[in-house]
Engineer: 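Shown below is the structure under consideration.
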Amino acid sequence: GTLIIVVGVGIFGTFTGYLANLFLSPGKKPDVVQDSSAEAAAGLGARAATIATAQWNKWKRGTVKETAANMRPVLEDYWATGVGYRRQEPNWWTSVPWSAAFISWVMRKAGAGKAFKYSGGHSTYIKAAKDNRLANNDNPFKAYRLSEMAPRVGDLVCKSRAGSGATYDNIRPGMTTHCDIVTEVKPNCLTTIGGNVKNSVSTTFVTTDARGLITKPNYFAVIRVGSG
């Protein structure tokens, strides 16, 4: 028979996504970190995914663009609340990339507190999450190589951009990168939501293998959000 799992928004959607990843991914290897707790259904990552999905709906699922005057206060809040300052450049709403400000805003709203390295650049918090992992500290944000981590709902998946050459090994603040939040996990595919994607808050589909590991080019890191 065929098992169909519909992944919704919030706790039950997160948990069913976890079940899909658990039961529909054959051949898992022990060196791949898999979710083994209920934290994904009720913790920081789940809250981040729910908040990101609400913002996607606010942007009419990617159809409202950054040039819309009524979205200017929303973008201002991403910077002010998420990163801690306001942009002053001419036409900043289109001239300055705001995707990391969006992620910072989501994590702030999700209750990350002082654990997240809020920044206008993704590479800053990627490097911080890598350092957390290497130190094996209790920070809930830890970055792993693609070969080590099957993403779950609420995790951040990160890629290099604009020929920056960013990798897990060489990541440092200032490198051009991009991260999105995983909002749905299906066999061989993740759905992610990110800011400044197609000049809006939009979804991206990321291919995975049978173990749930990312196979799409240019991706290099998975940031596990929350314990477990």
Side-chain angles (χ1 to χ4, degrees), residues 7-10 13-14 17 45-110 112 116-126 151 153-164 166 174-186 189-207 214 216-221 223 225:
V7 181
V9 178
T14 304
R47 293 194 299 273
T50 299
I51 291 166
T53 301
Q55 290 301 296
W56 178 54
N57 286 316
K58 179 186 286 288
W59 287 78
K60 306 299 182 186
R61 301 192 171 190
T63 60
V64 175
K65 304 301 179 181
E66 61 191 14
T67 51
N70 65 316
M71 299 309 289
R72 200 72 43 79
V74 176
L75 291 170
E76 287 178 341
D77 192 42
Y78 290 162
W79 284 102
T81 299
V83 185
Y85 58 85
R86 298 179 185 274
R87 306 303 309 205
Q88 303 296 330
E89 298 88 342
N91 301 316
W92 57 267
W93 50 92
T94 55
S95 64
V96 180
W98 49 273
S99 54
F102 172 78
I103 296 293
S104 293
W105 183 91
V106 169
M107 292 305 168
R108 185 93 66 182
K109 292 292 186 177
F116 190 73
K117 192 74 170 181
Y118 303 99
S119 176
H122 299 278
S123 57
T124 299
Y125 66 74
I126 299 172
V153 169
D155 286 348
L156 297 170
V157 293
C158 306
K159 61 183 177 180
S160 62
R161 284 190 61 249
S164 69
M175 301 188 84
T176 304
T177 53
H178 179 85
C179 300
D180 294 322
I181 300 170
V182 178
T183 57
E184 184 177 17
V185 177
K186 288 183 177 180
C189 185
L190 307 172
T191 301
T192 67
I193 290 176
N196 209 176
V197 175
K198 301 175 184 176
N199 301 318
S200 185
V201 172
S202 301
T203 55
T204 300
F205 299 103
V206 181
T207 54
I214 293 174
K216 192 170 184 176
N218 299 320
Y219 285 85
F220 68 88
I223 298 179
V225 177

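Residues take their numbers from the sequence shown, with the count starting at 1.
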Engineer: Do Met71 and Glu66 come close enough that some side-chain heavy atom pair is under 4.5 Å?
Structural biologist: no

Engineer: Mark yes or no for whether Arg47, through its side chain, and Ala110, through its backbone, hold a donor-acceptor pair below 3.5 Å.
Structural biologist: yes

Engineer: Decide yes or no for Asp155 and Ile223: does some side-chain heavy atom of the first lie under 4.5 Å from some side-chain heavy atom of the second?
Structural biologist: no

Engineer: In Å, rounded to the nearest 0.5 Å, how long is the span from CG of Asn218 to NZ of Lys159?
Structural biologist: 7.0 Å

Engineer: Is it the case that the side chain of Ser202 and the backbone of Val197 share a donor-acceptor pair, with hydrogens and angles ignored and the cut-off at 3.5 Å?
Structural biologist: yes

Engineer: Sequence neighbours left out, what passes salt bridge (charged side-chain N to carboxylate O under 4.0 Å, His left out) with Arg108? Give chain and number order.
Structural biologist: none

Engineer: Supply the atom-to-atom distance Arg72 CZ to Thr67 OG1, rounded to the nearest 0.5 angstrom.
Structural biologist: 8.0 Å

Engineer: Hey, is the main chain of Ala100 close enough, under 3.5 Å, to the side chain of His122 for a donor-acceptor pair?
Structural biologist: yes

Engineer: Does any donor atom in the side chain of Asn91 or Ser95 lie under 3.5 Å from an acceptor atom in the other side chain?
Structural biologist: no

Engineer: Counting only heavy atoms not in Lys117, do more than 12 fall under 6.0 Å of its NZ?
Structural biologist: no

Engineer: Enter the distance from Ile193:CD1 to Ile51:CD1 here, rounded to the nearest 0.5 Å.
Structural biologist: 11.5 Å

Engineer: I need the minimum non-hydrogen distance between Ile126 and Cys179, along with the two atoms involved.
Structural biologist: CD1-SG, 3.6 Å

Engineer: When you measure from the side chain of Ser164 to the backbone N and O of Ser160, does any donor-acceptor pair fall under 3.5 Å?
Structural biologist: no

Engineer: What closest approach, in Å, do Val182 and Pro151 show between heavy atoms, and which atom pair accounts for it?
Structural biologist: CG2-CB, 4.2 Å

Engineer: Are the side chains of Trp92 and Glu76 in touch, meaning some heavy atoms are under 4.5 Å apart?
Structural biologist: yes

Engineer: So do Met107 and Val225 actually touch side chain to side chain, heavy atoms under 4.5 Å?
Structural biologist: yes

Engineer: Does Arg87 count as lying over the ring of Trp79, i.e. NZ or CZ under 6.0 Å from the six-ring centre, within 45 degrees of the axis?
Structural biologist: yes

Engineer: Under 4.5 Å between any side-chain heavy atoms of Thr81 and Lys109, yes or no?
Structural biologist: yes

Engineer: Considering all heavy atoms of both residues, which atom of Val201 and which atom of Gly195 are nearest to each other, and what is their separation?
Structural biologist: CG2-CA, 4.3 Å

Engineer: What are the two closest heavy atoms between Ser200 and Trp98, and how far apart are they?
Structural biologist: O-CH2, 3.4 Å

Engineer: Ignoring hydrogens, what is the shortest heavy-atom contact between Gly174 and Ser123? Give both atom names and the distance.
Structural biologist: N-OG, 2.9 Å

Engineer: Has the side chain of Thr183 got a donor or acceptor atom that lies under 3.5 Å from a matching backbone atom of Ala49?
Structural biologist: no

Engineer: Counting the benzene-type ring for Trp, do Tyr118 and Tyr125 have ring centres under 6.0 Å apart?
Structural biologist: no

Engineer: Measuring from atom NZ of Lys186 to atom CZ of Phe205, what distance do you get when rounded to the nearest 0.5 angstrom?
Structural biologist: 8.0 Å

Engineer: Do Val157 and Lys216 make a side-chain contact, defined as non-hydrogen atoms from C-beta onward lying under 4.5 Å apart?
Structural biologist: no

Engineer: Any chance you could measure Thr94, atom OG1, to Lys65, atom NZ, to the nearest 0.5 Å?
Structural biologist: 14.0 Å

Engineer: Taking the side chain as C-beta and beyond, is there a heavy-atom pair between Phe116 and Ser104 under 4.5 Å?
Structural biologist: yes

Engineer: Has Thr192 got a side-chain atom pairing as donor or acceptor with Thr204's backbone, closer than 3.5 angstrom?
Structural biologist: yes

Engineer: Over 60° means perpendicular and under 30° means parallel, so classify the ring planes of Trp105 and Phe102, tilted if in between.
Structural biologist: parallel

Engineer: Give the minimum heavy-atom separation between Ile214 and Val206, together with the two atoms involved.
Structural biologist: CG2-CG1, 3.7 Å

Engineer: Report the C-alpha separation of Trp59 and Val74 in whole Å, then their side-chain angles, then the decisive distance to 0.1 Å, and conclude whether the side-chain contact (heavy atoms from CB on, under 4.5 Å) test is met.
Structural biologist: CA-CA 10 Å; Trp59 287 78; Val74 176; 4.0 Å; yes

Engineer: Rounded to the nearest 0.5 Å, how far does OG of Ser99 lie from CG of Asp180?
Structural biologist: 8.0 Å

